[in-house]
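Below is one structure, written out as structure tokens, with a few remarks after it.
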2 protein chains.
Amino acid sequence: MTGFLGSYLHQLDEKGRLALPASFRRSAGDAGFVLIHAYEPALYLYPLRTWAAVEERLAEFMRRQPEARGTVLSLTAAAAEVIPDKQGRILIPERLQRVASLDTEALIVGALEKIEIWNPELFKSATGEAKPEHERILRQILV
Amino acid sequence: MTGFLGSYLHQLDEKGRLALPASFRRSAGDAGFVLIHAYEPALYLYPLRTWAAVEERLAEFMRRQPEARGTVLSLTAAAAEVIPDKQGRILIPERLQRVASLDTEALIVGALEKIEIWNPELFKSATGEAKPEHERILRQILV
DNA sequence: ACACTTCCCCCCACTTTTCCCCACTCCGCC
DNA sequence: GGCGGAGTGGGGAAAAGTGGGGGGAAGTGT
């Protein structure tokens with residue numbers, strides 16, 4: 001089973017509902033997701049299956065560096081567990097819509113173990129720059 | 001089992017469908033493929049079997065160099081998992097047709113672990129130029 | 001405890017896209 | 001010359017995305 005791939009431009013309706021691509025729904029099984037906001041103007045969506053590992057890393061990190069508690073707390077405070085309705089849509093809390101600058105359209109991007117949700121314009125400007133040293137490594141990776 | 005070899009000129013129909021050569025289909029088993037766009041004006045097609053290794057290397061790359069996230073994200077965003085229909089054709093998303101300048105004809109090129117899909121003219125100009133260099137490199141490889 | 005409000009989720013309906021299936025052609029091979 | 005595998009093209013059924021209305025649960029205040 002491969003990770004999440006591809007990008008999809010979907011509508012965010014007035015109720016704050018966002019339809020996940022059917023292929024993403026299938027590869028997540030139909031358990032729920034965890035929606036968080038971290039350092040970028042985007043939201044991250046983890047299927048519960050992979051979220052467990054993230055949670056473990058968070059706990060481990062706090063044990064090693066207690067001064068990081070505040071950082072982790074602000075992450076968990078802004079997080080939400082979301083479950084798709086029968087039409088495959090998740091409800092994005094109003095506060096998370098605001099921090100991600102989501103309006104009527106959202107770009108749903110597959111990022112291997114997680115899904116990212118972006119404002120389409122912000123995504124374009126965030127991924128615009130091509131870094132030569134990264135490209136060199138990519139050539140090695142892609143055989 | 002050998003890698004993918006040979007090149008085939010096939011039609012890209014109005015619906016964006018491209019028939020894979022029957023021999024490629026056979027050597028991939030009939031699981032799906034992953035289609036990506038990287039630094040060249042061409043598309044790369046990986047059978048799922050070999051894609052898993054690529055994905056693992058990508059994850060490793062991000063662990064070592066977190067600042068490469070953007071590069072990997074634009075790669076996965078432009079990727080798609082494709083499954084041949086019963087006639088052995090894959091659907092190439094409109095966005096990927098554009099970045100690879102694919103019109104009505106596509107050149108399907110075997111490239112060992114993966115398959116490359118080119119605009120025929122672009123392929124000629126990309127591979128036609130560096131003849132002397134080719135010879136020098138090949139002498140080293142083929143003893 | 002009860003009425004009231006609010007919000008969420010289910011259901012229904014519609015549009016668009018996708019993909020499955022059938023039919024046809026071309027070519028090489030028996 | 002027919003047969004079979006391969007590539008090509010298009011119609012129709014099924015699925016996916018979108019939008020809105022109503023019922024019921026949860027929370028609030030009286």
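Here is the naming used below: chain letters follow the sequence lines, and residue numbers restart at 1 for every chain. In what follows, every heavy atom counts, from backbone to side chain, and hydrogens, waters and symmetry copies are set aside. Note that the structure is a prediction, hence the values are computed from the model and not measured.
Put simply, A/Arg25 has a side-chain N or O that comes within less than 4.0 Å of OP1 or OP2 on D/dG17. Residue B/Lys86 places at least one side-chain N or O closer than 4.0 Å to OP1 or OP2 of C/dC21.
To the nearest angstrom, C1' of D/dG22 lies 9 Å from NZ of A/Lys15. Rounded to an integer number of Å, the gap from CD of B/Glu81 to P of C/dC19 is 12 Å. Taking atom CD of residue A/Gln87 and atom P of nucleotide D/dA16, one finds them 12 Å apart after rounding to whole Å. Nucleotide D/dT8 holds its C1' atom 15 Å from the CG atom of B/Leu91, rounded to whole Å.
Using a 4.0 Å cut-off between charged side-chain N and carboxylate O, B/Glu116 and B/Lys114 make a salt bridge. Salt-bridge formation is not detected for the pair A/Lys131/B/Glu67: no Lys NZ or Arg NE/NH1/NH2 atom is positioned less than 4.0 Å from an Asp or Glu carboxylate oxygen. Using a 4.0 Å cut-off between charged side-chain N and carboxylate O, B/Arg63 and B/Glu60 make a salt bridge.
Not one N or O on the side chain of B/Thr50 forms a donor-acceptor pair closer than 3.5 Å with the backbone of B/Tyr46. Panel note: side chain B/His37, backbone B/Ala78; no donor-acceptor pair is recorded below 3.5 Å.
Picking from D/dT8, D/dG7, D/dG20 the nucleotide with the shortest atom distance to the side chain of B/Arg89 gives D/dT8. With C/dC9, D/dG7, D/dA16 as the candidates, the nucleotide lying closest to the side chain of B/His10 is D/dG7. Side-chain atoms of A/Ala22 lie closest to D/dG17 of the nucleotides D/dG20, D/dG10, D/dG17. Checking D/dG21, C/dC21, D/dG7 against the side-chain heavy atoms of A/Arg17 singles out D/dG21 as nearest. Side-chain atoms of B/Arg26 lie closest to D/dA6 of the nucleotides C/dC21, D/dG11, D/dA6. Here D/dT18 is the nucleotide among D/dT18, D/dG12, C/dC10 with the atom lying nearest to any side-chain atom of A/Gln11. In this structure, the nucleotide among C/dC20, D/dG10, D/dG7 sitting nearest to the side chain of B/Asp85 is C/dC20.
At a threshold of 4.0 angstrom between heavy atoms, the contacts of A/Leu20 are confined to the sugar-phosphate backbone, with no base atom among them.
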